[in-house]
Amino acid sequence: MPEFSLPPQYDASSVESALYQRWLEAGVFTAHVDSPKKPYVIVIPPPNVTAVLHMGHGLNDTLQDAIIRFERMRGRETLWLPGTDHAGIATQNVVEKLVAAEGKTRFDLGREAFVQRVADFVSQTGAVILDQLKTIGCSCDWSRTRYTLSPELSRAVREVFVRLWEEGLIYRGHRVIHWCPRCLTALSDEEAEFHETSGNLYYIHYPLADGSGQVTVATTRPETLLGDTAIIVHPKDPRGARYIGKRALLPLTGVEIPILADESVDQEFGTGFVKVTPAHDANDFEVGVRHHLEMPLVMTEDGKMGDSGKREAGSGKRVPPELEGLDRFEARKKIVKMLEAQGLLAKVESHQHAVRRCYRCDSIVEPRLSDQWFVKMKPLAEPALEAFRKGEVRFVPERWETTYVQWLEGIRDWNISRQLWWGHRIPVFTCTKCKHQWADRVDPTRCPKCGGPVTQDPDVLDTWFSSCLWPFSTLGWPDQTPDLEHFYPGHTLVTAPEILFFWVARMIMSGIHVMKKVPFHTVYLHGTVRDTKHRKMSKSLGNGIDPLDVVRLYGADALRWTAIAGVSIGSDLILDNEDLEATFAPGRGFANKIWNIGRFILSQLPDQVIPVETLPRSSLTVEDRWILSRSQTSITSVTEKMAAFRLDEAAKDAYEFVWGDLADWYIEASKPRLARNDATAQSILAYCFDIALRLLHPIVPFITEELWGKLPGRRNGELLAAAEWPAPNQGLIDSGAIDDPAVRRRPVDSGAWDDFARFVQRVIIGIRAIRATYQVPSNEVLKFDVVDGSKLPIQLLTNSRDLVRRLAGAELELGCSRGAKNIAGIGQTLGDGSLVKVPLEGKIDLDAGCKRVLKDMDRLEKQLAALSARLANQQFMSNAPPEVIDRERVKETTWTAQLGLLRQQRATLGCA
RNA sequence: GGGCGAAUAGCUCAGCUGGUUCAGAGCGCCUGCCUUACACGCAGGAUGUCGGGGGUUCGAAUCCCUCUUCGCCCACCA
């Protein structure tokens, strides 16, 4: 048999890429619209075109792959749709840096050349990450790879934009938005992230215009005072009464501003007087609107002090020459100094507050008055809330549901225009002659109203505008393609909670609005990958682990094992970047274990084995029936847990079955029978290993595929990736047992579980412990006796005589303990009151034995005392359910017997 | 300021709807084994007042309250 030539150590790197190639060639990942199977669809969270595979993807995509492989094996027509996101602002930043390295800016190149430059860059880097996904085994349908900026998807983006425009849901808003002075673009609320920052609160005197005194305001941003157009105070604030209606002089410039009453002031904070800068603060803007204030901009787009009326009407010069062109933070320092010099700085307090930063470049965002395109969100959010309330979409884990609901309930209009060049150009056109403005599906050559020349809006759309159409734009929408027909709506979305608002909620809204259906019914939100200090893994922190390194050193299955088994649902995945061995060796070890189990089994099996369900019951040994029983309960539990997205538990159950039960017990037990070519043992071994490989395949696809193809009857090129998920074998189970929740955790197959686990396994484990404790040489065969119980264990142990001799090195010999001097007992009773006694004359390490006996006695006495107290408790007896009381009674009996045995041992050993 | 999550063995974590899988797993540690599938292994073993304090209950790691410590999300106190 060629299997003998398999090396004892599994070398993942030598087989993985070939296996992946076989999957591709067999087309098992390709979804078919004409399939009679029910579809199951996952769309990938499209990685940015600039991204390379990192651990976050490792986790995200492994989870998706496990789910999709499971569903594929379960008989669904699975589509895992891959693709990339053009990532407007992020990609533009990357290329701008490249251009900067040449000493240029994008403005030097000009829009067209720069966009071409980015497109060239993307054509080189864009597909890299998708290729990397193959190294970790992702079973994506590569024939359907999509890209958010492709012509097809761009058409979908434009169609949605125009529809929203026609529905009146897109409007031009004049207000204070978040402006990134480095990226030179507006940002949405979500893109301007809060960061706790320690800053100062500056108290500044504003002299009254009539010279009758001064008012003092508190601000964290003194540089904005140049743009102040009012001071407000709460109408009920007694401190303000005598100032309301007066006018104050703006320090440094002497501009006169009114002091007004406004209820938005929090009287508890600061001085009660608030400076109002309508063009550089969202609240102040509201105040400005209420009081019809002027709204001068006092900073340029790149965050320098300067009168800037490019997009907005200002009100004359506000910035004094000595501050002109100064960076806003330099200006802050200088202004503070100037105020101090003039005696207008009352005091400075340190102050903790949240500052918004650009999510792409980390610059402090500048609130700035400007004109932007907005989407009215309320009409979109309502149906999304409704869909959730009707149960059309659910979140796993459930706790994200409130987050989702609260965000939608408090939703604000979405600023979708970006002053960038890389992205979908906003299809809004303006006639330069008659000023008619409209959105168009095709580029117009002239104004439809007056025939005049037209210009297109220079801005591009927020990159998330296209991302949120992903579940249907990727399927061919707006055309009614067969794909769209068949694969929309999808089923599960797997992503990180960080983009719940950016992406998930917006996909739900757009799906409902455009397609009239929620794009997926389950949102699985997994955790974040962090290091042992619980810091997010990131390139900038240098605490990352490169998944490609892990694949190279430990294999893709090891990476996947850690990502799946190492973390429970929705919690963070903590990885030790300084100890890769501790982090990934368990997965490699497991793959190696499977490999060697396979190596052994393959060396034992003939070309054909008997189907297990045709084996006559009477020919089965107790361990046969036990492992078959275990195989059935494993199928049930792994299936249930996979279906419930408890992938970690599913993985551990399958692990326990193949390693803990099949390898450690069944294989060891059946070696003598296999040596005699026992067809029953061969059949059972083949069956159980086949089940194990199938159950494990979604988690560790490579090693399982590699071995499955070598099993008898599978050597015809069939692929496990396309094989069926195991179902309970009706020929093996007691009818109804597997479906009855009441016995779900109970053994099937006539109590074989109990028979083997409680009597045979327990005796073997017990005798092994005795051998170790008393240092009995390994070549010495012990005798043991079973007393005080029913006939059952004696019968079972008699039947399993060879097994016990092999695995425990002991022979059952009834009556051998009678009159024996030194007797050890196994640490447990067998559940029916039986005690196992092992005579040890002349073989005893007395000290070790006594230590052991005394320790066991101590533990047992304490447990027994607590138990007796419970049974003596009147309230326990009357309140506890009868089966609990029964169990406690049985415990009391067996423990008492056990304690008796220990006392006997103590006496015969002569322990102190 | 609101909301959420976490705190269990040296480390990373399981323990679902309160009572034999209830104190667990993997790694690490100790002891003995190269028992021809596997030393990336086998067998045995040590280690925990289940964050503190209250409460509910016959019974709590598990439910409730509270405190402490971490983490995350949201939020227009300048």
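All values derive from a computational prediction rather than experimental measurement.
The separation of B/G45 from B/G28, taken at their C1' atoms, amounts to 14 Å, rounded to a whole angstrom. When the P atom is used for both B/C76 and B/C13, the distance is 33 Å, rounded to whole Å. Comparing the same atom, P, in B/G44 and in B/U49 gives a spacing of 26 Å after rounding to whole Å. B/U47 and B/A23 have their C1' atoms separated by 13 Å, given to the nearest Å. Separation of the C1' atoms belonging to B/G10 and B/G48 is 11 Å when rounded to the nearest angstrom. Taking atom P on both nucleotides, B/C64 is separated from B/G1 by 25 Å, rounded to a whole Å. For the P atoms, the distance linking B/A14 with B/C29 amounts to 24 Å, nearest Å. Taking atom C1' in both B/U8 and B/G15, one finds a spacing of 9 Å when rounded to whole Å.
Ranking B/A78, B/C58, B/G26 by closeness to the A/A880 side chain, first place goes to B/C58. Nearest nucleotide to the side chain of A/A772, out of B/C58, B/A78, B/G44: B/G44. Nearest to the side-chain atoms of A/I597 among the listed nucleotides B/G19, B/A37, B/A75 stands B/A37. With distances taken from any side-chain atom of A/F876 to the nucleotides B/C58, B/G15, B/A78, the minimum falls on B/C58.
Contact check, A/W659 against B/C40: no side-chain N or O comes under 4.0 Å of OP1 or OP2. Look at A/R646 and you won't find any side-chain N or O under 4.0 angstrom from OP1 or OP2 of B/A14. The phosphate of B/C40 (OP1 or OP2) has a side-chain N or O of A/Q9 nearer than 4.0 angstrom. For B/A14, one of the phosphate oxygens OP1 or OP2 lies less than 4.0 angstrom from a side-chain nitrogen or oxygen of A/S568. A sub-4.0 Å separation between OP1 or OP2 of B/A14 and a side-chain N or O of A/S571 is present. Remark: A/H351 is in phosphate contact with B/A78, judged by side-chain N or O atoms under 4.0 Å from OP1 or OP2. Remark: A/K652 is not in phosphate contact with B/G15, judged by side-chain N or O atoms under 4.0 Å from OP1 or OP2. Between A/R412 and the phosphate of B/A75, there is a side-chain N or O to OP1/OP2 separation shorter than 4.0 Å. Of the side-chain N and O atoms in A/N879, one or more sit less than 4.0 angstrom from OP1 or OP2 of B/C58. Considering only side-chain N and O atoms, A/R399 lies nowhere under 4.0 angstrom from the phosphate OP1 or OP2 of B/C72.
Between A/R673 and A/S670, the side chains place no donor N or O within less than 3.5 Å of an acceptor N or O (distance only, hydrogens not considered).
Figure legend: A/R630 and A/W659 shown without cation-pi pairing, the cationic atom not lying both under 6.0 angstrom from the six-membered ring centre and within 45 degrees of its axis.
For residues 578-587 of chain A, the pairs satisfying salt bridge (charged side-chain N to carboxylate O under 4.0 Å, His left out) are A/E581-A/R588, with sequence neighbours left out. Applying the side-chain hydrogen bond (donor to acceptor under 3.5 Å, both in side chains) test to every pair with at least one member in residues 278-290 of chain A, sequence neighbours left out, gives these pairs: A/D262-A/R290.
Salt-bridge annotation for A/R399 and A/E401: absent, with no side-chain N of the basic residue lying under 4.0 Å from a carboxylate O of the acidic one.
Rounded to a whole Å, the CZ atom of A/R356 is 13 Å from the P atom of B/C73. When the C1' atom of B/C74 is taken as reference, atom OH of A/Y404 falls 17 Å away, rounded to whole Å. Rounded to an integer number of Å, the gap from OH of A/Y203 to P of B/A78 is 11 Å. Distance CD (A/E578) to P (B/C11): 16 Å, rounded to an integer number of Å. Between the CD atom of A/Q874 and the P atom of B/G59 there is a distance of 14 Å, given to the nearest Å. Nucleotide B/G41 holds its C1' atom 13 Å from the CZ atom of A/R588, rounded to whole Å. When the C1' atom of B/C42 is taken as reference, atom CZ of A/R768 falls 9 Å away, rounded to whole Å.
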- Task: Report the C-alpha distance between A/H526 and A/F395 in whole Å, list the side-chain angles of each, state the deciding distance to 0.1 Å, and finish with yes or no for ring-ring contact (aromatic ring centres under 6.0 Å, His included).
- Result: CA-CA 11 Å; A/H526 60 247; A/F395 294 82; over 10 Å; no

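Consecutive pairing runs in RNA chain B reach the stem threshold at B:1-7 with B:68-74, B:10-13 with B:24-27, B:29-33 with B:41-45, B:51-55 with B:63-67, where a stem means at least three Watson-Crick or G-U wobble pairs with distances under 3.5 Å.
Judged by distance alone, with hydrogens and angles left aside, A/Q406 brings no side-chain donor or acceptor close enough to the base of B/A75 to form a pair under 3.5 Å.
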